[in-house]
Protein chains: 2
Amino acid sequence: MPKREGTTIAGKRDPKTRVKPTLDEIAERANTSRSTVSRAFSRPDLLNPKTVAQILAIAEEIGYRPNNMARALSTGRTGNIGLLVPDIANPFFPPLIKAIQSQADALGLCLFLGSSGESGARENTLFERLAGQTDGIILASTRLSEAQVKIHAARHPITLINRDMAGLPRVLIDTQAAVMEAVGFLAENGHRHIAYLSGPKESWSNQQRMEAATEACRRTDMRLSIIPLSEPSFEGGEAAAEEAVAAGVTAILAFDDLTAQGAHARLSALGIDVPRDISLIGCDDALPAMTYPALSTLSGLSQEAGRHALKLLCDAIEHRDGSQDMKVVLGARFILRDTAGPAPAGDAKDRDRS
Amino acid sequence: MPKREGTTIAGKRDPKTRVKPTLDEIAERANTSRSTVSRAFSRPDLLNPKTVAQILAIAEEIGYRPNNMARALSTGRTGNIGLLVPDIANPFFPPLIKAIQSQADALGLCLFLGSSGESGARENTLFERLAGQTDGIILASTRLSEAQVKIHAARHPITLINRDMAGLPRVLIDTQAAVMEAVGFLAENGHRHIAYLSGPKESWSNQQRMEAATEACRRTDMRLSIIPLSEPSFEGGEAAAEEAVAAGVTAILAFDDLTAQGAHARLSALGIDVPRDISLIGCDDALPAMTYPALSTLSGLSQEAGRHALKLLCDAIEHRDGSQDMKVVLGARFILRDTAGPAPAGDAKDRDRS
DNA sequence: TTGAAAGCGGTACCAT
DNA sequence: ATGGTACCGCTTTCAA
């Protein structure tokens with residue numbers, strides 16, 4: 001039995017003591033019923049305008065705030081949406097989150113955020129917790145298996161970002177064409193051996209990029225070294241850069257901008273100049289111009305992705321039929337800035353040290 | 001009246017159709033009462049172990065998930081906490097958010113995130129919305145006035161980050177000593193005229209920094225130009241850098257790292273070398289080593305701040321007495337990296353162009 | 001146009 | 001150790 005502060009000894013409401021105003025309080029003051037007050041907010045058109053005005057006035061006066069949870073309990077709608085990301089500290093996500101957040105509150109929705117720390121297990125836990133208090137959840141770059149995603153999707157509306165699963169609403173940032181462009185650029189500039197710093201296995205984006213890089217290298221007859229990142233972070237990039245150097249490449253394509261920056265830092269520390277000695281290309285444009293020298297990259301589109309995702313999610317929440325197979329694809333492009341250029345002179349062939 | 005999918009024509013539950021299991025469903029199957037089932041979860045020690053085991057088994061079998069909102073309605077506790085930041089895209093916040101998020105879910109709490117877009121009005125709206133579904137809210141670098149904060153604090157547990165208001169739990173990152181160190185370093189290195197790029201007026205952090213810079217310059221007999229940023233962003237930094245150059249300074253102290261990077265970009269674009277021509281110092285260490293050349297800055301501590309803040313908030317939620325005036329102060333330090341050094345030779349006096 | 005009342009899914013007091 | 005029951009605050013059908 002909930003104890004409410006603000007009750008007198010007699011157990012009746014003490015008008016002096018400030019408590020959270022409820023519909024009943026308004027009803028009492030307005031000499032009307034709870035139903036009427038409720039309608040004054042939800043369907044004022046059904047009521048006598050005077051009644052509505054009076055109720056609204058009183059509500060305002062005593063500082064009434066509707067109780068979201070009670071409403072949710074009754075309607076089955078929470079007015080909240082959830083967003084799960086692998087790592088909020090990865091610069092790819094903040095703009096995405098921001099876009100979703102701002103659109104959400106334009107729609108009167110509140111946003112629950114979960115950062116899973118790149119762990120599938122945590123992501124599952126967070127999902128369970130959020131599912132109970134949201135109308136739907138956006139899974140961005142999920143590290144969950146298809147099977148797990150399906151299980152969740154069966155219980156709760158879901159929208160995916162950067163994960164391609166038929167039957168679920170999803171928005172995909174397609175970087176394959178951009179990767180091809182980038183590799184093409186490198187090929188034309190005399191590079192013969194490049195590295196791809198590969199991100200998380202579960203990442204759809206990573207699979208796409210690796211695949212495109214492989215294909216592009218095959219076509220341009222370039223050698224490709226795939227170097228797995230220990231983790232998709234600045235530190236991961238540093239370590240991988242070292243391996244890339246050991247492999248003797250003249251250009252590095254990194255899983256994302258954060259790892260690219262890590263690679264850049266390590267290369268510089270090793271006395272290797274970018275782009276003179278080694279060209280470097282990131283992905284996502286997550287640090288737009290924030291880097292110096294400006295990082296070449298593949299365009300980000302995370303904000304657009306966020307907007308579309310929320311839209312799809314809302315649709316999914318409305319017609320729960322799920323009959324439609326919604327899929328939005330955004331095409332990224334290669335952005336040439338200052339970290340990529342011609343291969344070092346006298347390096348037309350491979351400078352592999354083996 | 002909530003329409004539940006999964007009811008037969010007769011209006012009774014159809015065991016075949018999957019609906020959200022409730023306490024009653026379990027009670028029915030276990031031939032016991034709702035109270036008992038409820039206790040099996042909350043106070044199993046009061047029950048016969050066999051009963052508990054049986055209930056848990058059934059719950060597991062039918063995939064029961066307690067309904068948070070119903071629980072909250074009854075107990076008055078939501079198990080959620082809110083976090084409001086001015087701009088999630090500002091790199092100072094993600095680490096902060098991450099720290100809070102991960103500690104929150106260690107405590108079994110869910111995190112509501114709001115990004116106000118540097119607008120006090122939006123921050124108020126978000127606060128209202130979150131207040132109804134959280135047990136407490138952390139206000140990070142709030143742009144709200146003291147009066148507004150007080151009003152909110154009167155209705156809902158609050159903890160402040162980087163805002164010093166007596167009576168409210170707060171954690172402060174004190175950068176004054178670090179600013180003094182930084183200015184001292186510049187003075188010793190021959191600088192005679194520096195600029196401070198000033199952030200939002202409402203920002204406590206900015207006030208602290210500006211004050212410290214002013215005082216330090218007074219002591220070291222340096223000239224200080226205070227240049228207000230149009231906004232605390234990369235772009236704001238770019239514009240301000242131009243003004244700093246026009247003022248003829250040899251060193252720039254920026255409100256934060258993001259603006260510092262903006263300044264750096266513009267300086268480079270103007271052909272001004274950092275640190276040869278102009279020294280640059282940021283604040284917050286929000287881009288730890290992510291920049292190249294590595295930005296000199298004041299240490300960040302946002303993660304520590306986040307952890308402390310959540311702790312204080314939980315305390316505030318427990319003993320709602322508010323009798324204690326809790327305040328945690330974290331001291332930042334000057335971190336010398338590659339963007340700050342001696343003033344340009346032959347520039348012992350001012351190179352002001354006026 | 002309005003009111004009465006039955007829930008929504010739990011919790012916790014009071015009995016048994 | 002358990003069951004009955006009165007809430008929590010709001011929505012919505014049904015009747016008046």
Side-chain angles (χ1 to χ4, degrees), chain A residues 1-7 11-13 19-28 30-55 59 62-79 131-133 135, chain B residues 1-7 11-13 19-28 30-56 59 62-80 131-133 135:
Chain A
M1 177 216 61
K3 301 144 195 76
R4 321 176 95 273
E5 315 98 45
T7 45
K12 298 200 152 305
R13 294 282 163 69
V19 254
K20 290 220 146 167
T22 71
L23 284 187
D24 292 291
E25 311 230 344
I26 302 183
E28 196 175 333
N31 272 318
T32 175
S33 74
R34 195 193 358 205
S35 329
T36 301
V37 178
S38 173
R39 278 188 280 254
F41 292 103
S42 49
R43 312 258 354 231
D45 51 300
L46 295 182
L47 261 40
N48 184 323
K50 298 192 170 188
T51 318
V52 176
Q54 186 200 11
I55 291 177
I62 67 177
Y64 170 75
R65 303 266 178 273
N67 180 325
N68 231 306
M69 320 203 81
R71 194 209 300 274
L73 192 54
S74 178
T75 60
R77 280 298 192 83
T78 63
Q133 348 192 27
D135 296 331
Chain B
M1 175 217 61
K3 300 144 195 77
R4 320 177 97 275
E5 315 97 46
T7 45
K12 297 200 152 306
R13 293 284 163 68
V19 254
K20 291 221 145 172
T22 71
L23 283 186
D24 292 290
E25 310 231 343
I26 301 182
E28 197 174 332
N31 273 316
T32 177
S33 74
R34 187 169 34 171
S35 328
T36 302
V37 179
S38 174
R39 276 187 283 252
F41 292 102
S42 49
R43 309 263 350 237
D45 51 301
L46 295 181
L47 261 38
N48 184 324
K50 297 191 170 190
T51 317
V52 176
Q54 187 201 11
I55 290 176
L56 260 34
I62 66 178
Y64 169 75
R65 305 263 178 273
N67 180 323
N68 230 305
M69 320 201 83
R71 196 209 299 275
L73 192 54
S74 178
T75 61
R77 279 298 192 83
T78 63
N80 298 149
Q133 349 192 26
D135 296 331

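Quick note: numbers below take in every heavy atom, side chains included, and nothing from hydrogens, waters or symmetry partners. In what follows, chains are A, B, ... by sequence order, proteins preceding strands, each numbered from 1.
Distance A:Asp24 CG to D:dT11 P: 12 Å, rounded to the nearest Å. In this entry the distance linking CG of B:Asn31 with C1' of D:dT2 reads 13 Å, nearest Å. Between B:Leu46 atom CG and C:dT11 atom C1' the separation is 13 Å, expressed in whole Å. Atom pair B:Arg43:CZ and C:dT11:P shows a separation of 13 Å (rounding to whole Å applied). Separating the CD atom of A:Glu28 from the C1' atom of C:dG3 is a distance of 16 Å, rounded to the nearest angstrom. Distance, B:Leu73 CG to C:dC8 P: 14 Å, rounded to whole Å. The separation between B:Met69 atom CE and D:dC8 atom C1' is 13 Å, rounded to whole Å.
With rounding to the nearest 0.5 angstrom, the CE atom of B:Met69 is 5.5 Å from the CD atom of B:Gln133. We find the CD1-CD distance between B:Ile26 and B:Gln54 to be 10.5 Å, quoted to the nearest 0.5 Å.
The side chain of A:Ser74 approaches C:dG7 more closely than any other nucleotide in the set C:dG7, C:dT1, C:dG3. The side chain of A:Asn48 lies closest to C:dT1, out of C:dT1, C:dC13, D:dG9. The side chain of B:Asn67 lies closest to C:dG10 when the candidates are C:dC13, C:dG10, D:dG9.
In this model, the phosphate group of C:dA4 is not approached by any side-chain N or O of A:Ser33 to a distance below 4.0 Å at OP1 or OP2. OP1 and OP2 of D:dC10 both lie 4.0 Å or more from every side-chain N or O belonging to A:Thr75.
Using a 4.0 Å heavy-atom cutoff across all strands shown, A:Thr51 reaches sugar-phosphate atoms only and no base atom. Within 4.0 Å (heavy atoms only), A:Thr32 reaches sugar-phosphate atoms of the nucleic acid but no base atom. The residue A:Phe41 sits apart from the nucleic acid: no heavy atom pair falls under 4.0 Å.
One cannot find a donor-acceptor pair under 3.5 Å joining the base of D:dG4 and the side-chain atoms of B:Arg34. The base of C:dA4 sits with one of its N or O atoms less than 3.5 Å from a complementary donor or acceptor on the side chain of A:Ser35. No hydrogens or angles were tested; on distance alone, nothing pairs the side chain of A:Arg65 with the base of D:dG9 as donor and acceptor under 3.5 Å. No donor-acceptor contact under 3.5 Å links the side chain of B:Thr36 to the base of D:dG3.
Of the possible donor and acceptor atoms, none in the side chain of A:Thr51 sits under 3.5 Å from a partner among the backbone N and O of A:Leu47. Looking at B:Asp135, its side chain does come within 3.5 Å of a backbone N or O of B:Thr78 through a donor-acceptor pair. Side chain of A:Ser42 to backbone of A:Ser38: a donor-acceptor contact under 3.5 angstrom is found.
The residue among A:Leu23 and B:Leu47 whose nearest nucleotide of DNA chain D lies closer to the 5′ end is B:Leu47. Residues B:Arg39 and B:Ala70 each lie close to DNA chain C; by heavy-atom proximity, the contact nearer the 5' end of the strand is made by B:Ala70.
Nearest heavy-atom pair, A:Phe41 versus A:Ala59, reported as atom, atom and distance to 0.1 Å: CZ-CB, 3.8 Å.
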